[in-house]
There are 2 protein chains.
Amino acid sequence: MTVDTKTALLNSAESAARRNGFDGFSYADLAAEVGIRKASIHYHFPSKADLSVALIARYQEIFRQVCAKIDTEKTAGGARLAALIERYADALNGGQSLCLCVAFSVSRDGLSDEAIAHMAAFRRMMLVWLETVFAKGQADETISDVTDPKREAAATLALLEGAQLSARAGRDVALFNAATAVLQNRIK
Amino acid sequence: MTVDTKTALLNSAESAARRNGFDGFSYADLAAEVGIRKASIHYHFPSKADLSVALIARYQEIFRQVCAKIDTEKTAGGARLAALIERYADALNGGQSLCLCVAFSVSRDGLSDEAIAHMAAFRRMMLVWLETVFAKGQADETISDVTDPKREAAATLALLEGAQLSARAGRDVALFNAATAVLQNRIK
DNA sequence: GTCTATATGTGGATAGAC
DNA sequence: GTCTATCCACATATAGAC
């Protein structure tokens with residue numbers, strides 16, 4: 001199935017941003033991949049800041065659906081947590097890609113205030129969801145040693161992002177698994 | 001006390017890199033801060049890749065000393081872990097800076113293979129040290145719920161780096177403390 | 001919507017005088 | 001060691017034809 005130019009640009013940009021960071025690709029790169037001239041991109045996204053906002057907004061919406069899907073497919077807290085960890089592992093693409101939120105976290109410019117606000121909103125969304133997951137896992141005893149669900153949520157998001165970072169740095173998914181092994185073992 | 005030009009350049013570059021990433025500063029920036037012309041920088045560091053290697057090599061050496069100092073000042077495993085966490089918190093500079101290793105992990109180019117190898121060596125060094133810390137904390141019972149020291153080490157390094165990332169993204173040190181609260185509470 | 005052509009800025013890097 | 005001057009590549013962005 002073919003996608004419209006705007007979607008093709010978003011797909012290409014997201015892939016590039018997750019591989020090299022938001023400052024790590026240019027309109028020329030996108031143009032080459034999508035098959036139009038770089039000037040044409042400005043018709044869809046007048047500035048690169050506009051593109052950054054569109055990217056992170058779409059990403060947040062996708063993850064909202066991902067979490068919702070996990071909620072319908074899994075009932076146990078532990079199973080839901082395991083599903084999210086797997087999602088973060090898959091996002092690595094063999095050690096080449098990062099979660100868009102992690103990739104954006106290090107870019108210096110190009111990111112408008114609006115994009116930064118979206119990033120914060122994304123993290124808040126994930127924290128809320130993770131908190132309910134840990135609360136459920138504590139109640140149904142599918143996650144061991146749960147103290148405070150809110151704190152567990154904050155620790156888990158940081159752990160997943162940090163594990164991605166070291167895996168990407170070493171171009172080795174095994175590093176992600178090593179960093180998340182303790183967490184995985186808490187899942188019954 | 002005044003420092004020589006080369007050291008001043010390294011200091012300025014490290015600060016800039018930890019704030020904005022390795023691709024987030026230019027020779028022009030360094031020149032302005034140090035007070036020489038940018039062409040002069042090439043005398044000390046012919047290419048920016050040379051600068052990246054010098055930066056990460058110096059950083060690893062500093063941390064080798066940091067860990068050694070902690071080992072002499074603290075004996076309990078828990079106290080040693082607490083000291084490292086505090087070091088990572090301080091490195092945030094109120095939410096503006098990252099550990100150089102984290103900052104480098106997201107840069108795309110400019111980093112030579114040599115610099116990447118140094119980064120991997122830095123992480124390995126920290127993992128080895130953390131493993132001994134957890135082993136000690138398990139033995140002297142100053143860290144609770146220690147399962148496998150090697151896995152705990154991998155999880156802790158990822159957690160610290162991830163916690164820095166979210167704190168930097170939100171420009172708020174409280175986010176670092178929130179993410180590390182569970183770990184902190186395991187220290188007796 | 002996409003094109004060609006171009007403006008404008010900034011990056012790292014070099015040559016050669018002092 | 002540091003300077004001035006300059007080069008070249010590449011970035012985002014705009015104007016205007018089709």
Side-chain angles (χ1 to χ4, degrees), chain A residues 1-56 103-104 106-116, chain B residues 1-57 100 103-104 106-116:
Chain A
M1 94 169 182
T2 335
V3 298
D4 58 300
T5 304
K6 191 162 187 168
T7 304
L9 285 169
L10 284 171
N11 291 344
S12 178
E14 182 183 317
S15 167
R18 289 174 48 191
R19 270 182 287 114
N20 304 323
F22 184 70
D23 301 324
F25 70 93
S26 68
Y27 271 27
D29 298 328
L30 298 186
E33 195 173 322
V34 172
I36 59 175
R37 295 296 178 167
K38 60 179 181 170
S40 310
I41 303 177
H42 289 276
Y43 169 79
H44 301 281
F45 304 102
S47 78
K48 213 182 168 188
D50 295 321
L51 175 58
S52 75
V53 173
L55 274 179
I56 187 72
F104 268 31
V106 280
S107 304
R108 71 190 196 291
D109 45 32
L111 294 188
S112 61
D113 291 345
E114 198 182 343
I116 293 175
Chain B
M1 101 170 179
T2 334
V3 297
D4 59 301
T5 304
K6 191 163 187 167
T7 304
L9 285 169
L10 283 171
N11 292 344
S12 178
E14 180 183 320
S15 168
R18 289 175 49 192
R19 272 182 285 113
N20 304 323
F22 184 69
D23 301 324
F25 71 93
S26 68
Y27 272 26
D29 297 328
L30 297 187
E33 195 174 321
V34 172
I36 60 175
R37 295 295 177 166
K38 63 174 184 168
S40 310
I41 302 178
H42 289 277
Y43 169 79
H44 301 282
F45 305 101
S47 77
K48 214 183 167 189
D50 295 321
L51 175 58
S52 75
V53 173
L55 275 179
I56 188 70
L100 188 65
F104 269 31
V106 279
S107 302
R108 72 189 197 292
D109 44 34
L111 294 188
S112 61
D113 290 346
E114 198 182 343
I116 292 175

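Letters go in sequence order (proteins before strands), and every chain restarts at 1.
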Got a second to check how far [X]'s [atom1] is from [Y]'s [atom2], nearest 0.5 Å?
| X | Y | atom1 | atom2 | answer |
| --- | --- | --- | --- | --- |
| B/Lys6 | B/Asn11 | NZ | CG | 13.0 Å |
| B/Asp29 | B/Ser15 | CG | OG | 11.0 Å |
| A/Phe25 | A/Arg18 | CZ | CZ | 12.5 Å |
| A/Ile56 | A/Leu111 | CD1 | CG | 9.0 Å |
| A/Ser52 | A/Glu114 | OG | CD | 8.0 Å |
| A/Leu9 | A/Leu51 | CG | CG | 8.0 Å |

side-chain hydrogen bond (donor to acceptor under 3.5 Å, both in side chains) partners of B/Ser112, counting only residues at least two apart =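 Scan of B/Ser112 (side-chain hydrogen bond (donor to acceptor under 3.5 Å, both in side chains), adjacent residues dropped) gives none.
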
request  = Could you tell me which residues satisfy side chain to side chain contact (heavy atoms under 4.5 Å, CB included) with B/Asn20, sequence neighbours excluded, listed by chain and number?
outcome  =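 In terms of side chain to side chain contact (heavy atoms under 4.5 Å, CB included), with neighbours along the sequence ignored, B/Asn20 is linked to A/Arg108.
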
key: Contact letters for nucleotides 6-12 of chain C, in which S counts primed atoms plus P, OP1 and OP2 and B counts the base, heavy atoms under 4.0 Å   = -----SB

request  = May I have all residue pairs that pass side-chain hydrogen bond (donor to acceptor under 3.5 Å, both in side chains) and include part of residues 34-47 of chain B, sequence neighbours excluded?
outcome  =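 Counting only pairs at least two positions apart or across chains, the side-chain hydrogen bond (donor to acceptor under 3.5 Å, both in side chains) contacts touching residues 34-47 of chain B are B/Ser47-B/Asp50.
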
key: Within residues 3-18 of chain B: residues closer than 4.0 Å to DNA chain D (heavy atoms)   =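 DNA chain D contact set from residues 3-18 of chain B: B/Thr5.
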
query = How would you give the extent of chain A contacts on DNA chain D, as first and last nucleotide 5' to 3' within a 4.0 Å heavy-atom cut-off?
reply =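 On DNA chain D, the outermost contacted nucleotides are D/dA11 to D/dT14.
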
ask   = How far apart are the closest heavy atoms of B/Phe45 and B/Tyr27, and which atoms are they?
value =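 Answer, listing the atom of B/Phe45 first, then B/Tyr27: O-OH, 3.1 Å.
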
